[in-house]
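Beneath this line is the structure, given in structure tokens, with notes to follow.
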Amino acid sequence: MTKSLGWAELVLALLAVIGAVACWNAGVRTTEFPAVPDVSPAYSGTFYSGSWIALAALVVTVALLLMVDGVRRLLSTGAPPTG
């Protein structure tokens with residue numbers, strides 16, 4: 001039971017990392033501006049959405065906790081000592 005739960009946590013951690021990448025990509029938007037003759041050169045501007053970036057950071061934190069607990073469950077040999 002413990003080992004299967006460990007594997008499930010590792011799979012959930014992988015899915016969380018994929019979700020974090022999706023959140024990060026949703027939070028970064030780049031816009032290209034063309035050159036205006038005799039006024040300004042071409043340039044690009046990047047907009048960062050703080051809520052999407054914060055959600056990505058939260059999801060990565062949860063993924064790391066899931067990975068740590070999943071590895072702990074896979075490497076443990078038996079029931080923890082009591083008292």
Side-chain angles (χ1 to χ4, degrees):
M1 172 72 179
T2 308
K3 303 259 186 222
S4 61
L5 189 57
W7 284 112
E9 286 179 336
L10 290 177
V11 169
L12 282 174
L14 177 65
L15 293 175
V17 168
I18 292 170
V21 169
C23 288
W24 184 275
N25 288 336
V28 178
R29 189 177 330 133
T30 303
T31 306
E32 301 290 330
F33 295 97
V36 178
D38 298 328
V39 177
S40 67
Y43 64 96
S44 63
T46 304
F47 172 76
Y48 296 97
S49 176
S51 56
W52 282 109
I53 304 275
L55 181 60
L58 176 68
V59 172
V60 165
T61 304
V62 169
L64 288 174
L65 291 173
L66 283 170
M67 284 189 344
V68 166
D69 192 50
V71 168
R72 180 195 59 86
R73 287 179 190 269
L74 289 176
L75 296 179
S76 67
T77 56
T82 57

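Any value given below was found using the heavy atoms of this structure, including those in side chains, with hydrogens, waters and symmetry copies removed. Quick note: residue numbers are just sequence positions, from 1. Nothing here was measured: the structure is a model prediction, and the numbers come from that model.
How far CG of Leu15 is from CG of Leu66: 10.0 Å, rounded to the nearest 0.5 Å. Summarising the geometry, atom CG belonging to Leu65 is positioned 13.0 Å from atom CG belonging to Leu12; distances are rounded to the nearest 0.5 Å.
Nearest approach of Ala16 to Ala63, heavy atoms of both residues: CB-CB, 3.7 Å.
Leu10 belongs to a hydrophobic cluster whose other members, connected by ILVMFWY side-chain contacts under 4.5 Å either directly or through intermediates, are Trp7, Val60, Leu64, Met67, Val71, Leu74, Leu75. Through chains of ILVMFWY side-chain contacts below 4.5 Å, Ile18 is grouped with Leu14. Within the hydrophobic cluster formed by Ile, Leu, Val, Met, Phe, Trp and Tyr side chains joined at under 4.5 Å, directly or through other members, Val36 is accompanied by Val39.
Sequence neighbours left out, not one pair with a member in residues 32-60 passes salt bridge (charged side-chain N to carboxylate O under 4.0 Å, His left out). Under the salt bridge (charged side-chain N to carboxylate O under 4.0 Å, His left out) criterion, the residue pairs touching residues 3-26 are Glu9-Arg73, with sequence neighbours excluded. Within the structure, salt bridge (charged side-chain N to carboxylate O under 4.0 Å, His left out) pairs that include any residue of residues 44-53 do not occur (at least two apart or interchain). Judged as a side chain to side chain donor-acceptor pair (under 3.5 Å), not a single pair has a partner in residues 10-27 (not counting sequence neighbours).
Ser49 pairs by the side chain to side chain contact (heavy atoms under 4.5 Å, CB included) definition with Phe47, Ser51, Trp52, not counting sequence neighbours. In terms of the side chain to side chain contact (heavy atoms under 4.5 Å, CB included) criterion, Ser4 has no residue partners (sequence neighbours excluded). Evaluation of the side chain to side chain contact (heavy atoms under 4.5 Å, CB included) rule for Thr31 yields Phe33 as partners, not counting sequence neighbours. Every residue two or more places apart in sequence or in another chain was checked for a salt bridge (Lys or Arg N to Asp or Glu O under 4.0 Å) with Arg29, and none qualifies. With sequence neighbours excluded, the residues satisfying side chain to side chain contact (heavy atoms under 4.5 Å, CB included) with Thr46 are Val28, Thr30, Tyr48.
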